[in-house]
Amino acid sequence: MKKILSLFAILIMAISASAQEKVLFDPEATYGNGAILSSENTVLELGNDRATANYNLGLQPTKAYCSDLFGQKVMVENSETQEMEEKTRVVYIYGANNPKDGELDGEDKSSGVSYSPDHQNLPQSGTYYMITPAKDGHITAFIILNANKNLYVVKGSTGECLPLEALTIKADGAEPTVTALNDDYTLAAKTTGTVEFNVLGGETYYVFCTGSKLSFGGYVFEEGIVEPDPVDTRERVMFDPNGTYGNGATLTSENTKVVLGNDRNTANYNLQLSATKAYCSDLLGQKVMVENTETGVMEEKTRVVYVFGANNPKDGELNEEDKSTGDGYKPENKNLPQSGTYYMITPSKPGHITAFIVLNADKNLYVVKASTGECLPVEALTLKSDGNTPTEVALSETYTIAAKMTGTVEFDVEANETYYVFCAGSKLSFGGYLFEEKAVNPEPVDTREIVKFKSDGTYGNGAIETSEHTQVVLGDDRTTKNYDLKFAVTKAYCSNLLGQKGMVENTETGEMVEKTGVWYVVGAQNPKDGPLDGDASTGNGYKPANRNLPSSGTYYMITTTIPGHITAFIILNNGKNFYVAKKSTGECLPIEALTLKADGDTPTEVALKDDYTIDTKMTGTVEFDVEANETYYVFCTGSKLSFGGYEFVSGNGGQSDIVAGDANGDGEVNVTDVSIMVDYVLNGSTEFIKMANADMNGDGDVNITDVSFLVNMILNR
């Protein structure tokens, strides 16, 4: 954790050395609607709670954490002596009305409905607080939040609430305790403490809870964005010192389970406590009561609770005498154990297992895939002996070690595969494990797919051409006629990519001769953003600022199921704006993401100008990278783009292989990638990020979990 924090410290470039700014309430003051408190770089404005009375003022006796941040010396009556005494309290306020999106009515009640993230309806009346910083920074605000009330921090400019991972709740105490918000932005129990979040200069942040009146005791502002601590995503599976574990006993975590093998019918696995040193204690140690052998007194100690069986693992069933039968496992036979001491671990996600074991000398340690019976190779297993620091232990080619070892075995696991863990000729002691979800570079799909038009085909609105992983759909050009189908006699470059044989008239002899060229389609209407009117496209041409994708006219929509690279045949007129735009956002790809090449014996690169035009008409190709399951509109404005199909390349042959962690796509994985991913998680910035690379765990989302994976990857490589 220290290493991780040190790395994050490097990223906090924007944090200045200036002191914290505090905005606190005066215990002698009154605070009505619109009351304003300020510091050098922030303004706090109170919401429109009620017209005829001020916000309520309270004093909260707090513990060390909140006292240090917000405590003030105030005079408080001693309930026993009735004398006034100086005490440390947090001065806080709260209103009389729940926040709603309507005005105050005549009875001083808030009206309308409560905020919802879907509707983004900011409160206009009731209890809410508006913080506006002049600079980017970090807010730590005192709150008292009731159980099951939705806490929101909402941007005034958009009505969007900050995501869960952008909010940190800490409960008051001698030390603060981080408390997780539920998916619906609620807490299970009433909490006095703080909420923390990053803020952007010039933005106003509404802070409130729905269905209640949030108590608010001011805040601390620190200039500079504060990066969150990475989430510890490891899952522990440990044995209960008071439990019993027989055949088939199962222990689970969120993403894994371990099942104990078929050791004996008439007794449970043996349960033991191992007195371990720092390494294993930190990983899997539990507090248990242990008898002091000298005094006979029970004392609390840290131990690893582990199990072991009575029978060596073998590939036959248990016999009537509770003995395992058959033969021990051999890698060449792939004969999985059916009885004796063995443990079966199944993860639901790809990751890394660190399991506690006690392994005897000269006993073969195996981790075996259930699906194939193959044992993991020696180099895939890492053994570490317990100690203040772990000591790596060499596993020989026969899967044995020279001396008995208490420590761990580590190995990578695939999702939904079961791994048998055991040793041959002995009863492996097993004390649970840590599972850590791990970034996985997906196996590249090494494919080149061609989509061409047929010489005898007809292609109307919505016509589709497909390959295994792609499809192109023709736009809504005209209702009474198909796209025109033409043949371009091409030179070596385009002929090699998409060339087909076609019959062309020799202009000198009048005879039909066979040539190699590209069959292409072209429509009759310029692409516009309105529907067809009869057979004419309507509306306006696309503009990058408006993101108004075409709905009629000549355009082509390419979708791939895996990421890769498109090389499409086009004939582009000079002075016409050429765009490739994403359906999901309407954004066109930047100029630098498009490569134009003119046809020839060798291709010649053609420069696309700042307005997405070229100087001379070009027959050739456009190339661009594509994301999985995104649709790309290909078209030009003010003209009918000719389109002759494409080559799709992915996997080892392409230019879009996924490299986990290379968030900016520069070919290296380093701290810069961490910074880019943090910027995306906190601020939604997509300017520099390659989403496929940043999605470290392959779950389709980029969040703080992916940042944590990347930090650990950088630190541990």
Side-chain angles (χ1 to χ4, degrees), residues 448-467 470-527 532 534-537 552-556 558 566-578 595-606 613-623 634-648:
R448 291 175 180 269
E449 301 173 14
I450 302 292
V451 169
K452 300 177 184 179
F453 294 101
K454 301 177 183 67
S455 60
D456 57 352
T458 54
Y459 299 95
N461 294 346
I464 299 175
E465 287 292 310
T466 65
S467 65
T470 78
Q471 73 170 20
V472 60
V473 180
L474 275 59
D476 196 25
D477 182 57
R478 48 191 167 171
T479 57
T480 58
K481 191 177 178 183
N482 298 313
Y483 275 68
D484 296 314
L485 186 69
K486 297 187 176 184
F487 186 71
V489 177
T490 55
K491 298 184 180 175
Y493 170 55
C494 287
S495 293
N496 291 338
L497 277 175
L498 295 161
Q500 302 181 65
K501 298 294 183 181
M503 299 305 293
V504 178
E505 183 180 352
N506 183 315
T507 56
E508 294 181 0
T509 66
E511 294 179 358
M512 299 299 290
V513 294
E514 189 177 66
K515 294 284 187 180
T516 299
V518 173
W519 290 99
Y520 66 92
V521 296
V522 61
Q525 311 285 337
N526 296 340
L532 282 174
D535 255 4
S537 57
S552 59
T554 303
Y555 58 98
Y556 312 94
I558 301 173
I566 291 287
T567 302
F569 177 90
I570 59 172
I571 301 175
L572 177 60
N573 289 325
N574 56 300
K576 301 302 179 182
N577 312 92
F578 174 70
T595 301
L596 298 183
K597 293 179 182 176
D599 191 24
D601 292 330
T602 58
T604 304
E605 196 155 325
V606 176
T613 64
I614 57 175
D615 288 327
T616 58
K617 182 177 179 178
M618 184 203 83
T619 295
T621 60
V622 59
E623 297 183 42
V634 183
F635 59 94
C636 62
T637 57
S639 185
K640 284 75 68 175
L641 182 71
S642 299
F643 183 84
Y646 55 84
E647 177 193 58
F648 171 72

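Across all their heavy atoms, M512 and M503 have their closest contact at CE-O, 3.6 Å. Pairing each heavy atom of T621 with each of Y493, the nearest pair is OG1-OH, 2.6 Å. What you find for V451 and E465 is that their closest heavy atoms are CG1-CB, 3.6 Å. For the residue pair T466 and Q471, the shortest heavy atom distance occurs at CG2-CB, 3.8 Å. Taking all atoms of both residues into account, the shortest heavy-atom contact from I464 to G462 is CG1-O, 3.3 Å.
Taking CD1 of I450 as the start and OG1 of T567 as the end, the distance is 8.5 Å to the nearest 0.5 Å. Taking OG from S639 and CG from L572, the interatomic distance works out to 7.5 Å, rounded to the nearest 0.5 Å. Note that the NZ atom of K515 and the CG atom of N506 stand 7.0 Å from one another [nearest 0.5 Å]. A distance of 3.5 Å separates CD in E449 from OG in S467, rounded to the nearest 0.5 Å. A distance of 5.0 Å separates OG1 of T458 from CG of N482, quoted to the nearest 0.5 Å. Atom-to-atom distance recorded for K597:NZ and I570:CD1 is 12.5 Å, nearest 0.5 angstrom.
T516 places no side-chain N or O within donor-acceptor distance of the main-chain N or O of K501, the cut-off being under 3.5 Å. No donor-acceptor pair closer than 3.5 Å links the side chain of D535 to the backbone N or O of R478. T554 contributes no side-chain N or O that, together with a main-chain N or O of L641, makes up a donor-acceptor pair within less than 3.5 Å. A distance-only check finds no donor-acceptor pair linking the side chain of N526 to the backbone of S537 [under 3.5 Å]. A donor-acceptor contact shorter than 3.5 Å is absent between the side chain of Y483 and the backbone of Y520. For K640 (side chain) and G523 (main-chain N/O), no donor-acceptor pair under 3.5 Å exists by modelled atom type.
Pairs passing the ring-ring contact (aromatic ring centres under 6.0 Å, His included) check and including a residue from residues 495-519, sequence neighbours excluded, read F487-W519.
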- Taking it one step at a time, do F578 and L596 satisfy side chain to side chain contact (heavy atoms under 4.5 Å, CB included)? CA-CA 11 Å; F578 174 70; L596 298 183; 4.3 Å; yes
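Paired with N461 under the rule side chain to side chain contact (heavy atoms under 4.5 Å, CB included), one option of L474, L532, V473 passes, and it is L532. The ring pair (Phe, Tyr, Trp, His ring centres under 6.0 Å) test with F643 is passed by exactly one of F635, F569, Y556, Y555: Y556.
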Identify each donor-acceptor pair in which a side-chain atom of residues 613-620 lies under 3.5 Å from a protein atom, sequence neighbours left out, and give them as a table.
residue, atom, partner, partner atom, Å
T613, OG1, D611, OD1, 2.6
T613, OG1, D611, OD2, 3.4
D615, OD1, K609, NZ, 2.9

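Taking the six-membered ring where the residue is Trp, F453 and Y459 present perpendicular rings, their angle passing 60° and hence far from 30°.
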